[in-house]
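Everything on this sheet refers to the single structure shown next.
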Amino acid sequence: MASKQKKLQHLFLRAGFGETPEYINSIMEKSISSTVDELFKTSKDYEDITYLPYPIPQDAQMKGVGIGQILKMFLKSYQEKEDLNNEWMNRMSTTPAALREKMTFFWHNHFATSTPFAYLMQVQNNTLRKYALGNFGDLLHAVAKDPAMLLYLNNQQNKKAHPNENFAREVMELFTLGVGHYTENDVKESARAFTGWGLNNRGEFQFNEKQHDTGEKEFLGQKGDFDGDDILDIILSQQQTSVFITTKIYREFVNPDVDDKRVQELAEGFYKSGYDIDKLMRNIYTSDWFYDDENIGAKVCSPVELIVRYKKMINISCTNPKTILNLQKALGQVLFFPPNVAGWKGGNTWIDSSSLLLRLSIPQYVLRGEGMVIRVKPHPEEAPESKSQDANADKGIIYSDWSNLNTAFMNLPDDTQQETMLSYFIQCDTSRIDRTLIKMSWGNKSTDSLTLSMAAIMSLPEFQLI
Amino acid sequence: MDRRDFLRNSALASAAMMVPSFLKAFGIGRNDLYIPPTSTTGKRLVVIQLSGGNDGLNCVVPFRNDLYYKARPSLGLKDDEIIKITDEVALNSNMQGLADLFNNGNLAIVNSVGYPNPNRSHFRSMDIWQSASDENQYLYSGWIGRYLDATCDGTCAKPYAAIEIDDTLSLSLKGDNMKGLAFSRPNILHSSAQNPIIRGVANEYKSNSDHPEVEYLQKTLAETMESADYIYQHSTTFQSQRTYPNDAFGNRLKTIAELICSGCDSSVYYISLPGFDTHVGQKGQQNRVLKTMSDGISVFCQDLKDNNQFDNTVIMTFSEFGRRVAQNASGGTDHGTANNIYVIGGKLAKAGVYNPLPDLQNLDQGDLIFNTDFRQIYATMLENVLGINSEKVLGRKFELMNFV
């Protein structure tokens, strides 16, 4: 059975982005249930991300400017989305409301959207944050009307007709029921119900009554002159929606290997509670089985989780923000740029020869203090001679601060120092780790030797498992 | 020495650390075991991805077709901008290298390649081409990666059996179980593999199914290091005598040639050439990138020929979509659908213009209509070049073609 320390680390790595040894030590005396309580308490309040200003000048709104013009104003360069990315990464690593931020990150993957309208991506991000720990029904309704989502699913399809059929399909296939729990006819009929859902000239949701099909529809065995909201409510009334969402949450927060019985129980509770996300997550984090050995260290961490963990542990920062962005790109996950509406698959798909080598080499680069030279494939719309082909342009100086970690381990007795250090960084089984590999013998108690030892631990494959 | 310097120069931070001899014995010794090549036909495939949506109509020009010039009053290529290769077909004049290959019987041009319900989004369509999926499927694996998976009938292929010359691995080379290897230069791969912790872990790897997650990472790492050593040993023995164009594409092709001629047994090589998304000012941009493509491929083929490696090599190019027939208002073209593909090799079964030029009369709302599913191209390569059952890789049977 895992030690309390390990359990606390497990809780913070899953519910949040991990915590420093210093912090873990400071709460060792508290019970796990009161720590969980505290987690939820600190996430009660939150703030929107307001980094990007509203891009439409006041008078443009007055003049009844057409939607095409409006969209052009929202359509910013990649730079704005990259800035937003940086902003969110900082939020993840510094906010006390880590629980809410982690849930927002989860919903970002679930309701995967990638439009070039940076301000609208910010709006969506705030919508996800608002409902992250609230009611899934409310969240679904809000996201279905989210401007970025409406644009994304229309644009993504690139078909001349039936933009809403695509939207209707994705809502069922990827956001609620999953494949096999609806028919093609259900897609067609629900698409009719979503007609009229669009945007106004301020980039906000607007229901255009003239474009709405008011006729009778047949959907999932029910008949009526449904509109989009009705469709969503019918979808929510299906138990399968609860099962689908709960399964995904279990995979992400507990174990990629799903325990069907447990998921069934959780799903029933989730459904009965009327889709109360707060209750579901609280249930998970206070259950004994969450802390079972088989669930600890069972997941390959995602690139964003890895980078934020480093930010929290050693406060890495780079003079050139593009370096961290390129690191996300090279590892296969860039916030606000999911690969498609199905999101990032996660798990072992993060790992290939290059990405694994890169993950394990991060401590080496950090110690060297130089930014990694990572050439990433240019965006399809970039012209060939653009500067992104020059990797050195994105190099910068990497700063890190190991002092807090050093302080935590400084005064440990020699004979247990290494095992203790390992216990704070490695969640999974450590039996295959060769201790001689990670022992840095430049004097036992100097901060340099401690730093090197910790860097060595972070270079182990086991460090990738949370 | 101050503290910062010390950390910088420590064994962990310094990339050029000498590997202790006892570790060396494990690292290099492993490659004395003979590992047979994965391709059962003795041939290899080189895949060149043209990223951005190459305008095939201005590459393979139907210079006798009035409809072409009607749709492209300023963008249509005139007599002095083309190289005629048959009575009906010309190449963009920046593709001299490919024209020479055509005249030597080393180039097959396949027209109207695409798939049903084409998608015009860069990302989505590229995913479709790389994963060889249907338009409404979302696959998380690529066709070359699944080729690696399919070779696991007893002895699985090594990661280096499929190599991408790039810093990051494309979806194409990611299988459900096996993945190819991406690196931009053998010596960079080699130096990143000298980190003593990483090297140590890889060298001590022993298969252990008790903790599958740890096992997967350690196994991947061990295979990566094995591949890195193999690559390093098979990249330095041969130095090319040919002068490659001094650009990223030329350098990548040179790296491939040096690997091949140093005895590297990889079955598939993969590289990308970006810059084809020509919405604005197409002539200038496309001409430049076509010249890069053609000149690079030309030298590459000559190099292979010099070293008797051309007959057993097949090169194919592809792009995520072609472009619209009519030019737009910015001197360019917008995202389209079907496109042509070039197949190059020293010993093609059927070279030349493989099938008729695209129909410019019957369009789908201004876009070309495909008549050859791109998975037929893949199936042909899988069966006839790599010697594997294509149905295993592509999920169903696609009719083979006979250019190779």
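Chain identifiers are assigned alphabetically (A, B, ...) following the order of the sequence lines, protein sequences preceding nucleic acid strands; residue numbering begins at 1 within each chain. These figures come from a predicted structure and were not determined experimentally.
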Donor-acceptor under 3.5 Å (B:Lys179 side chain, A:Ser353 main chain): no

Quiz question: by atom type and distance under 3.5 Å, do the side chains of A:Glu462 and B:Gln218 form a donor-acceptor pair? yes

Interface moiety of B:Ser272 toward chain A, non-hydrogen atoms closer than 4.5 Å: side chain

Check whether any side-chain heavy atom of A:Leu356 lies under 4.5 Å from a side-chain heavy atom of B:Leu221, and answer yes or no. yes

Taking NZ in B:Lys219 as the centre, count heavy atoms belonging to other residues, nucleotides or ligands within less than 6.0 Å. Is the count above 12? no

Is any side-chain heavy atom of A:Arg432 less than 4.5 Å from a side-chain heavy atom of B:Asn208? yes

Can you confirm whether B:Thr224 sits close enough to A:Asp352 that some side-chain heavy atom of one is under 4.5 Å from a side-chain heavy atom of the other? no

B:Pro196 and A:Leu437: which non-hydrogen atoms are nearest, and at how many Å? O-CD2, 4.1 Å

Residue pair A:Gly343 / B:Tyr140: nearest heavy atoms and the distance that separates them: O-OH, 3.5 Å

What part of B:Glu215 is in contact with chain A, defined as an atom under 4.5 angstrom from a non-hydrogen atom: side chain, backbone, both or neither? both

Chain A shares the most heavy-atom pairs under 4.5 Å, among B:Ser141, B:Ala182, B:Ser192, with B:Ala182

Neighbour count above 12 (heavy atom, 6.0 Å) for B:Lys283 NZ: yes

Where on A:Ala298 is there a heavy atom nearer than 4.5 Å to chain B: the side chain, the backbone, both, or neither? backbone

On a heavy-atom basis, which atom in B:Lys174 and which in A:Thr349 lie closest, and how many Å separate them? NZ-O, 4.5 Å

Flag yes if more than 12 heavy atoms outside B:Tyr216 fall under 6.0 Å of its OH atom; otherwise flag no. yes

Evaluation steps, side-chain contact (heavy atoms from CB on, under 4.5 Å), between B:Tyr138 and A:Val341: CA-CA 9 Å; B:Tyr138 289 99; A:Val341 65; 3.5 Å; yes

Taking C-beta and beyond as the side chain, do A:Ser354 and B:Asp167 meet within less than 4.5 Å on heavy atoms? no

Which is it for B:Asp210 and A:Asp429 under the side-chain contact (heavy atoms from CB on, under 4.5 Å) test, yes or no, and what are the steps along the way? CA-CA 10 Å; B:Asp210 281 345; A:Asp429 171 64; over 6 Å; no

Please classify the contact of B:Ile188 with chain A as side chain, backbone, both or neither, using a heavy-atom distance under 4.5 Å. side chain

I'd like to know whether A:Asn348 forms a side-chain contact (heavy atoms from CB on, under 4.5 Å) with B:Glu213, so could you lay out the CA-CA distance, the side-chain angles of the two residues, the decisive distance to 0.1 Å, and finally the verdict. CA-CA 9 Å; A:Asn348 288 340; B:Glu213 277 312 322; 3.3 Å; yes

Derivation of the side-chain contact (heavy atoms from CB on, under 4.5 Å) call for B:Ile197 and A:Leu360: CA-CA 9 Å; B:Ile197 310 297; A:Leu360 302 185; over 6 Å; no

Checking heavy atoms, do the side chain of B:Ser184, its backbone, both or neither come under 4.5 Å from chain A? side chain

Exercise: identify the closest heavy-atom pair between A:Pro461 and B:Leu217: O-CD1, 3.4 Å

B:Leu169 versus chain A, the contacting section by heavy-atom distance below 4.5 Å: both

Nearest atoms (heavy-atom pairs only) where B:Ile198 meets A:Ser459: CG1-O, 4.4 Å

Is chain A contacted by the side chain of B:Asp127, its backbone, both, or neither, given a heavy-atom distance below 4.5 Å? side chain

Taking atom types as modelled, is there a side-chain donor on B:Thr168 or A:Lys377 under 3.5 Å from an acceptor on the other? yes

Side chains of B:Val201 and A:Asp434 in contact at under 4.5 Å (non-hydrogen atoms): no

